[in-house]
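Working notes for the structure below.
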Amino acid sequence: MRRRENTLINVTEIKPLDIGRKTVRASTIRRGITERKRLELYRSLLQSMLEGFAYCKMIFDGNGRAVDFVYLEVNGAFSRLTGLEDVVGRRGTEVIPGIKQESPELFESYGRVALTGNPEEFEIHVEALAKTLSISVYCPTKGHFVAVFEDITERKQLLKELETYCKHLDDLVEERTRLMRESVAKYQTVVEHIPVTVWTGDSAGNTIFVTPSTKVVYGYAPEELSSEPNFWFKRIHPHDVEKVKCGYNALFAEGKQFDVEYRFRGPDGKWIWLRDSANATYEKNGVQYTDGVVENITKRKELEERILKSERLAAIGETTAMVGHDLRNPLQSIMGAAYNIRRQLRNADPSTNEMLAVIGNGVQYANGIINDLLDYSREMQLQPQHTTPGSIMKQTLVNVKIPENIRVEETVSDNQTILVDEAKMRRAISNLVENAVDAMPNGGLLSISGRRSEDQFSISVTDTGVGIPIDHLTNLWKPFYTTKAKGMGLGLPIVKRIIEAHGGSISVQSIVGQGSTFTLTIPIKPALEVNQNA
Amino acid sequence: MHENQKPRILVVDDDEGTRKVVTTALSMEGYVADTASSGNEAIQKSNNSFYNLALIDIHLPDMDGTELLMAMKETTPEMRKIILTGYPALQNSIQALNKGAHGYLMKPVNMDDLLRMIEENLAKQREAKEYSQQKVTGYVETRFREIQAEEKTA
């Protein structure tokens, strides 16, 4: 053992030290390194350590309880980390006042290690230093301890922030998942309930996917679509197939929007109208696809057709009015000329007179048709007057021709005042009477009766004629419907309009072979149509 | 005016057929019939000649028949005017009567009805003429007596 002056180290007192994770073997001292050099080495190691190092002696009270400690040796990191200077030789309670009260577990740990020799590791937040430390405590020799510590305040802070952030992320994900689930559920509900079918098709026209609503929309279940090749195109109306094919191809070839209305044969063989549309194509695994929507527009189409038809009829109606007026003049000429001829040919033979009569009747009949047409196509204008049912009946029967073979029983003796357009009412009733006469070509009984209740009166016209078959009954009121060889079939529709314009109603009962009864009912205080005296 | 002069009737209608058949019927009945095919022609003719009665179609090319009623010259006795129309509305007939028409018929008119209405109107016109003649005579007599009385006192 080489010696230098003034340096003497008791080698046996130095035991192997665990300094943090580093181990330094003391035994190399014997191999020729001077004690001084060794001391220097240790010193520099201690000083260069990043961790704080404190070698202390524990102070116990009479009961063996740890009450304080003395700093024997500290390193630079100690001062740096704690901010404490010149602590060697001083007591812990002096250097850090209140440490025992604030961090009793620290004290207890030091005491335990110093006493038992068992090392301990822990983390502790030292309020006095406003730092969180990770401390390893060892016992080099009984009654002493070494504390090696690092400042983990920042690390702790970062960990805390990370934790908060993770929690925040978790919450976000949960929220997003919830929203997504809701959205999917909503989408599913919508898809299942709206009366359209969403489909995916490829460029060849095959249907790859449909939403479950197909049965509701066009009558076939989704599985049926693949039951045969070209299922869809086979069922498109022959006049529309070309239009559909062109449109579909144009979508893939030019990106032109596909939007076509076409007829499609449903499972029951009936034609329905579909509107099929798709906006864009996309590629997946080398195949071109498109997503589209198909809806059933049959009802809308029917409505459109009805509107067009009634517009057409309305246009015809307007023309009719004009034509009707224009026809009056030529009719006047014909009628006047026939009249003059008859007067000029005072002694004409019967056949000439007969011919002239034919002309006259023809003109009257034509005029009747014009009047019917104009009446039907015009707004009904009522001119209400105070009259009685009895008087209306009397006037009507005076002007209606009833053949000899028909017996008439008229029992409308009602003389209570009502407010109606008398001329039109007479017209309505005479129309019913004429129909009754027509129904009894071989004679019969025509009975007309009246009835009054508190707020309405009614007149019934009954015949014992041929009767009306049930399937004709609904058509009676349709304009231009007639089973007669002559006549335009406007009579009953006009009667209906007249009665309804008075706020009343008309009904019919009939048995084939027995006869028919037409009953019109008018409120006593009539709810007349507004167009009066227009 | 002479009593045996035939009544003069003006037929105002833009339809040739109507004019022809109506004037023929009127002639056969013993009237003198004249025609006008527009409102202005009718006004002109009534300014230049006397007519007992005018048959006026409500729809003339240059004016409404009811306008014509008021535009024709007033005479004494007043010219009787009958409107012929294709529109059956009561409103029109009231309007026509308010504007001075004495009658109203729907086209195509029944010729018997037309002749009857003309006869009725001419009869009324004769009554009115007698009445005004009586009034004039009465006036002249009264005036004569007045003048006589004045001369006496003078």
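Reminder, nothing fancy here: chain letters follow the sequence lines and each chain counts from 1.
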(request) Please flag which part of L115(B) lies under 4.5 Å from any non-hydrogen atom of chain A: side chain, backbone, both or neither. (result) side chain
Does [X] pair with [Y] as a salt bridge, N-O distance under 4.0 Å?
{"X": "K99(B)", "Y": "E67(B)", "answer": "no"}
{"X": "R80(B)", "Y": "E119(B)", "answer": "no"}
{"X": "D57(B)", "Y": "K107(B)", "answer": "yes"}

Report all side-chain donor-acceptor pairs from residues 139-147 of chain B shorter than 3.5 Å, counting only partners two or more places apart or in another chain.
unit_1, atom_1, unit_2, atom_2, d
T142(B), OG1, G138(B), O, 2.6
R143(B), NH1, E146(B), OE1, 2.6

(request) May I ask you to name which of V21(B), D14(B), N110(B), L114(B) has the most heavy-atom pairs under 4.5 Å with chain A? (result) V21(B)
(request) Please look at N329(A) and chain B and tell me whether the side chain, the backbone, both or neither of the residue comes under 4.5 angstrom of a heavy atom of that chain. (result) both
